[in-house]
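Letters A, B, ... mirror the listed sequences (proteins, then strands); counts begin at 1. The model shown is predicted, which means the values in this text are computed figures rather than measured ones. Only this structure's heavy atoms are used, side chains among them; waters, hydrogens and symmetry mates stay out.
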Amino acid sequence: MAGSFKANFTFKILLIQIASMEYSFRQIEKKWQAEWKAQQTYQVSNDSDKPKCYVLDMFPYPSGAGLHVGHPLGYIASDIYSRFKRLKGYNVLHPMGYDAFGLPAEQYAIEHGVHPAVSTETNIQNFRNQLDNIGFCFDWSREVRTCDPSYYKWTQWIFLQLFESYYNRATGKAESISSLVAIFEEKGNEGVVCPGEPGLQFNAADWKAYSSHRQQEILMNYRLAYCGYGEVNWCEALGTVLANDEVVNGVSERGGHPVVKKKLRQWYLRITEYADRLLEGLDRIEFSEAMKEMQTNWIGKSYGAEIDFAVKSEKGSVSSLRVYTTRPDTIFGVDFMVVAPELDIVEGLKSEGQAAAVEQYLDYVKSRSERERMAEKKITGVFTGSYAINPFDGREIPIWLSEYVLAGYGTGAIMAVPCGDERDHRFAEHFSIPITNIIGAQYDGKEANPTKDAILENSGFLNGIGMREATEIVLKKLEEMGIGNRKVNYRMRDAAFSRQRYWGEPFPVKWQNGVAKALPASDLPLELPYVESYKPGPEGEGPLANIPEWIAAELETNTMPGYAGSSWYFLRYMDPKNDKEFCSRAASDYWGQVDLYIGGTEHAVGHLLYSRMWTKVLYDLGHIGFDEPYKKLVNQGMIQGSSRFVYRINGTNTFVSKGLLNEEGMYEGKLVDKLHVDVNIVDGYALDTEAFKKWKPEYAQAEFVLENEQYLCGSEVEKMSKSKFNTVNPDHIVERFGADTFRMYEMFLGPVEISKPWDTKGIEGVHRFLKKFWRLYVDENKGLNLTDEAPTAAELKVLHRTIRKIEEDTERFSFNTGVSGFMICVNELNELKCRKKSILLPLLVLLAPYAPHITEELWQLAGQAGSVLDAAFPEFKEEYVRESAKAYPVAINGKTRTEITIGLEASQAEVEEIVLANELVQKWLEGKAPKKIVYVKNRMINVVI
RNA sequence: GCCCGGGUGGUGGAACUGGUAGACACGCAGGACUUAAAAUCCUGUUCGCCGAAAAAGCGAGUACGGGUUCGAUUCCCGUCCCGGGCACCA
């Protein structure tokens, strides 16, 4: 008994010892995360002799769902790059913070009665824990939050800069409103076109004679941040304004209530004044061509003309119709006009006979969102009963209304040339409008041809003239006749900058007698007051309108949108604690532009354009020394999720199982709304209907139409996002495999810029690699197992190839191939049974940016001083990898047939001789002479027969 | 609809500037070690044809159809499918 007990006891001790030298990743990771925190290893100074490098991740919104595996993809990439740059001797700024204002927190407040500040704080804590788990090198002492008054004080301050500025087109930059007033007092607005009211003209005397109310109204039309009127999605039943996101099939996602458009007073940013500079700036920054193209298209600069057509109508109240066209040369091909249904002149255009049809059409359009209108393939429209007169041949052209023409672009009216424009063509065919062919054989009668190179026919005085030339002739003639002028147009509109919401920055503005007055900077921050209820105010105003004190103080009741705080946050990180300035000039001069910005393409035209504009304004006003915020942008692809959908019969609370829908996605002839459902309450495709009822209050009374006693959901691969309820939490991945494995696996999945669906299987391979790596240094029984022997040539070759590979791949953000490079290296060193410090210590440094915890542990075990984070990146030496010969693939007619090893210095003649002597090549030649032998040094050889 | 991106084995992907398609992994199959399992290690793995098998060989192959080229996953034209954005999600 005793002997057996003792043996058992010893055995246990042995087990513990063995276990202690295994790769126990959780223990190692927690140890070093605590150590780095204690040592403040990641704190960065603004004062350093080293070259600077600013690496930034796009500002996350701390959602209640927490991090999903898609978020850290970019953070890991930037983390690896930051650590790599640190090893390379840079002073690296790599900060993180929270874009903490936003709709979801408010939505949550409405649904659960929790104050957004409370839920946001909880979410941030949660986010932070999740981030810490992964071992990022963020300098948390620089953390910022947009909802913190010490932060939004400066958001409000920058808003005041915008409010107190206008864009001087003559100097091409923002200047102060006071300097504009000085110009007005001296000479009126001559030479200073009013962007908000282009026809406006007044002299100094006029200006002085204006009431102060009128003066303020004029100034408002110049300000970079200004007030105007705009349409919003208004839901009467909810008494609130909805985001496009929240509107499905013309009804609210919450509750399925009708949504119509309503005009409300709104703030705007005059980003259109910066259109040309936003275009020009693209030439000076390293964004992908696709990204530049998207921004260019969004800005949508076009050169064309505005033309006034005389109108013949029953009422006679409309004398002319102004259209915008980029193709004045096609004016003889105009077969009809299309006017946006919202335009005021519609009332005057409709004839008695068409009145009913027009009214019916207007009702239809009112129920449609802009998104739906643009996505519509179906052709809709109505004839107004009026005609425009072609100024050159007097032809009467019918005027139609159609939703494919948008009120906000150009003049809201177009001249339709069906033979040259696809949409016009389909419209003409659909409504049987006769088509005039002005390009002869270039038009086949079936499809529009948008060519610019045809010779015009059927075109009066333009007959026989090329289109490009004709454009100029027509423009001159229109100008002579006084009915048209050249016009540069932008598709981009001014950015709506107010929300009828609670959880955002209050505007530092008072309304007195209908005039907006800026609060003095000394009153900032204007703090967001506490509210009991998040219900909208009267007439769709924001919740702040419900606070008597707020109203009594005459304060603006709108709040700023999400992109306000995120448009300048990269500056605040440089000097986060400054309570005198948004960022000291010394700090912004030291850090300068963001050297590497990583984030998704979903911000291509929103955030990235706004923050570029804000930067330009701050630059113009002399607050910073550069006018582009981001020097280089790398787009991370999305890690996609697999979403699930439920189908609600439109206007009801009844949900129909997927299999019961017909091919058009209808149920018994009824329209259904397709709604996302949380993947966590769906098993495969089967919905847990009880959990569904508890999921959201509005579903508590939901009824289900089942198939085979189950409710089956639809599925789609799409972006992983809180709003699509399809997220996977990284925490449990880290728990099972460790942070180093998680980091490397995310990178190993594929190129950082490509989207791919998440799949947990496959992570084993990376985990195995790290265990193998560990065993290169540590014998699980004996412990550390390194020698001081001199390395062999083969070992040096493996090491230096890896140095080159990792350096190149990290520098070009090809982290996936970097990881595979490490795998190859470890496989080869294993084969060589290499345990030499001279090889393995440099390898530790190479791997440190990718897997910081395991490398720091081994660095310490190997008795190295200091942290591996501050080691020097090993230097690549070409001499160790140099080859003297290459095994060339030899192809016959492009098809590889064999391999021949030839010295690298061989000449064409020598190669030909060697190749022709080869037995296999001779077999293919069958005695004939080759036509040609292609030899590309260090690449391949091709024998052409 | 418009703009942008993508499509390569059973799966994720590699091939960087037009030069050996499938690196590196996952999965799968077989084997070694073990009483067994886990862990670890080894071998094979694009498809088809020809072989008893192995070796070798032949043919096809990077969404589909064309083109340029000695040579195309890579460049050009057209088609299909998937994803992102389209102005109040951030």
Side-chain angles (χ1 to χ4, degrees), chain A residues 22 58-61 63 99 101-104 107 230 232-233 241-247 266 288-291 293-294 296-298 300 370-371 373-378 404 408 422-423 426 492-496 498-501 561-563 566 600-607 609 635 637-638 640 716-719 721-723 745 748-751 753-757 759 761-766 768-769 771-772 775 808-809 812 814 816-817 819-824 827 887-891 893-899 930-934 936 938-945:
Chain A
E22 269 177 6
M58 280 189 188
F59 219 14
Y61 175 80
S63 82
D99 189 11
F101 275 133
L103 199 50
Q107 204 55 44
V232 295
N233 299 313
V241 174
L242 297 176
N244 285 337
D245 250 26
E246 302 174 293
V247 183
Q266 301 281 2
S288 68
E289 284 311 309
M291 183 65 52
E293 221 171 311
M294 274 191 265
T296 303
N297 291 339
W298 179 264
E370 200 165 320
R371 177 103 40 112
R373 284 172 58 174
M374 285 188 296
E376 191 55 84
K377 283 189 218 172
K378 195 169 73 190
Y404 81 88
E422 226 175 281
R423 271 209 289 196
R426 282 200 302 267
M492 180 168 67
R493 308 196 293 259
D494 280 341
S498 50
R499 302 290 183 260
Q500 291 68 50
R501 303 283 181 186
Y563 66 83
S566 61
T601 54
E602 69 272 24
H603 297 287
V605 291
H607 161 65
L609 276 175
N635 288 118
M638 239 153 290
Q640 295 153 318
E716 260 167 51
V717 168
E718 51 182 5
K719 108 180 185 184
S721 119
K722 51 199 181 280
S723 63
Y745 181 57
F748 188 61
L749 266 181
E753 57 274 89
I754 299 295
S755 295
K756 55 252 160 190
D759 183 5
K761 84 177 184 205
I763 199 170
E764 289 280 357
V766 174
R768 248 170 243 158
F769 156 76
K771 285 200 266 190
K772 241 187 265 182
R775 287 197 304 267
E808 278 177 9
D809 286 358
R812 67 186 175 101
S814 180
N816 57 327
T817 53
V819 174
S820 100
F822 282 120
M823 289 173 167
I824 293 167
N827 288 346
Y888 280 94
V890 178
N893 286 337
K895 182 98 196 156
T896 306
R897 296 295 174 185
T898 187
E899 216 171 61
K931 278 195 192 134
K932 186 166 152 188
I933 294 177
V934 182
V936 183
N938 212 9
R939 290 283 181 199
M940 45 58 70
I941 294 160
N942 188 15
V943 182
V944 185
I945 299 174

- Taking atom CD of Glu289(A) and atom OG1 of Thr296(A), what is their separation to the nearest 0.5 Å? 9.0 Å
- Using whole Å, report how far CH2 of Trp298(A) lies from P of rA87(B). 6 Å
- Between rG27(B) and rC16(B), how far is it from one P atom to the other, in whole Å? 28 Å
- Starting from P on rC88(B), measure out to CD on Gln266(A) and report it in whole angstrom. 9 Å
- Between Arg501(A) and rC89(B), does any side-chain N or O lie under 4.0 Å from OP1 or OP2? no
- Query: What nucleotide among rC70(B), rG12(B), rA14(B) has an atom nearest to a side-chain atom of Pro751(A)?
  - Reply: rA14(B)
- Message: Please give me the minimum heavy-atom distance between Leu103(A) and Ala243(A), naming the atom from each residue.
- Response: CD2-CB, 4.1 Å
- Message: Between C1' on rA87(B) and NE2 on His607(A), what's the gap in Å once rounded to a whole number?
- Response: 16 Å
- Separation between the C1' atoms of rC58(B) and rU74(B), rounded to whole Å: 27 Å
- Just compare rC89(B), rG85(B), rC70(B) and give me whichever is closest to any side-chain atom of Val605(A). rG85(B)
- Determine: side-chain N/O of Arg493(A) to OP1/OP2 of rA87(B), distance under 4.0 Å, yes or no. no
- Note on the structure: Sorted by chain and number, sequence neighbours left out, salt bridge (charged side-chain N to carboxylate O under 4.0 Å, His left out) with Arg812(A) holds for Asp809(A)
- Message: Please give the distance between the C1' atoms of rU73(B) and rU17(B) as a whole number of Å.
- Response: 15 Å
- Is the backbone of Met291(A) close enough, under 3.5 Å, to the side chain of Ser288(A) for a donor and an acceptor to pair up by distance? yes
- Message: The criterion is ring-ring contact (aromatic ring centres under 6.0 Å, His included); which residues satisfy it with Phe748(A), sequence neighbours excluded?
- Response: none
- Is rG85(B) syn or is it anti, if syn means the base angle is within 90 degrees of 0? anti
- Message: Using a 4.0 Å heavy-atom cut-off, does Lys931(A) contact any base of the nucleic acid, only the sugar-phosphate backbone, or nothing at all?
- Response: nothing
- Item | Point-to-point distance, once rounded to the nearest 0.5 Å, from CG of Asn942(A) to NZ of Lys932(A) | 9.0 Å
- Message: Checking Ile754(A) now: which residues fulfil side-chain contact (heavy atoms from CB on, under 4.5 Å) with it, not counting sequence neighbours?
- Response: Pro751(A)
- Message: I'd like the C1' distance from rU45(B) over to rA23(B), given in whole Å.
- Response: 15 Å
- Task: Any chance you could list the contact pattern along nucleotides 16-22 of chain B? Use B for base contacts, S for sugar-phosphate-only contacts and - for none, protein heavy atoms under 4.0 Å, 5' to 3'.
- Result: B--BBS-
- Item | Residues which pass salt bridge (charged side-chain N to carboxylate O under 4.0 Å, His left out) with Glu764(A), listed by chain and number, not counting sequence neighbours | none
- Excluding sequence neighbours, so at least two apart, what forms ring-ring contact (aromatic ring centres under 6.0 Å, His included) with Tyr563(A)? Phe497(A), Tyr610(A)
- Rounding to a whole Å, what distance do you find between Arg423(A):CZ and rC3(B):P? 10 Å
- Message: Please give the distance between the C1' atoms of rG10(B) and rG44(B) as a whole number of Å.
- Response: 15 Å
- Note on the structure: Glycosidic torsion of rG84(B) (syn if within 90° of 0, anti otherwise) classifies it as anti
- Message: Among residues at least two apart in sequence or on other chains, which ones pass side-chain hydrogen bond (donor to acceptor under 3.5 Å, both in side chains) with Gln107(A)?
- Response: none
- What string of B, S and - do you get for nucleotides 23-33 of chain B 5' to 3' if you count protein non-hydrogen atoms under 4.0 Å? BBSSS------
- Integer angstrom distance from the P of rC75(B) to that of rC42(B): 38 Å
- Between Gln107(A) (CD) and rC88(B) (C1'), how many Å, whole number? 12 Å
- First locate atom OH of Tyr888(A), then atom CD of Glu899(A), and finally report the distance between them rounded to the nearest 0.5 Å. 12.0 Å
- Message: Rounded to whole Å, please give me the gap between CZ in Phe59(A) and P in rA90(B).
- Response: 13 Å
For nucleotides 4-8 of chain B, list the nitrogen or oxygen atoms of the protein found under 3.5 Å from its nitrogen or oxygen atoms, one pair per line.
{"unit_1": "rC4(B)", "atom_1": "OP1", "unit_2": "Glu293(A)", "atom_2": "OE2", "d": "2.3"}

- Inter-nucleotide C1' distance (rG9(B), rA25(B)), Å rounded: 14 Å
- Quick one: salt bridge (charged side-chain N to carboxylate O under 4.0 Å, His left out) partners of Arg501(A), sequence neighbours excluded? Glu246(A)
- Message: Taking the P atom in each of rA56(B) and rU62(B), what is the distance between them to the nearest angstrom?
- Response: 25 Å
- Message: Pick the closest RNA chain B nucleotide for Lys932(A) and for Arg775(A) by heavy atoms, then say which residue is nearer the 5' end.
- Response: Arg775(A)
- Query: Roughly how far, to the nearest 0.5 Å, is the CG atom of Leu242(A) from the CD atom of Gln500(A)?
  - Reply: 11.0 Å
- Tell me what Ser498(A) touches on the nucleic acid: a base, only sugar-phosphate, or nothing, going by heavy atoms under 4.0 Å. base
- Query: Excluding sequence neighbours, so at least two apart, what forms side-chain contact (heavy atoms from CB on, under 4.5 Å) with Ala496(A)?
  - Reply: Tyr268(A), Arg499(A)
- side chain to side chain contact (heavy atoms under 4.5 Å, CB included) evaluation trace for Asn893(A) with Val944(A): CA-CA 5 Å; Asn893(A) 286 337; Val944(A) 185; 3.8 Å; yes
- Item | Length of the line joining Glu602(A):CD and rA87(B):C1', which is rounded to integer Å | 15 Å
- Task: First locate atom CZ of Phe769(A), then atom CD1 of Ile824(A), and finally report the distance between them rounded to the nearest 0.5 Å.
- Result: 10.5 Å
- Message: Looking at Arg897(A), I'd like to know whether one of its side-chain N or O atoms comes within less than 4.0 Å of OP1 or OP2 on rC58(B).
- Response: yes
- Query: Which dot-bracket notation, 5' to 3', represents the base pairing of RNA chain B when pairs are defined as Watson-Crick or G-U with both distances under 3.5 Å, crossing pairs as [ ], and inter-strand pairs as |?
  - Reply: (((((((..(((......[....)))((((((.......))))))((((.......))))..(((((..]....))))))))))))....
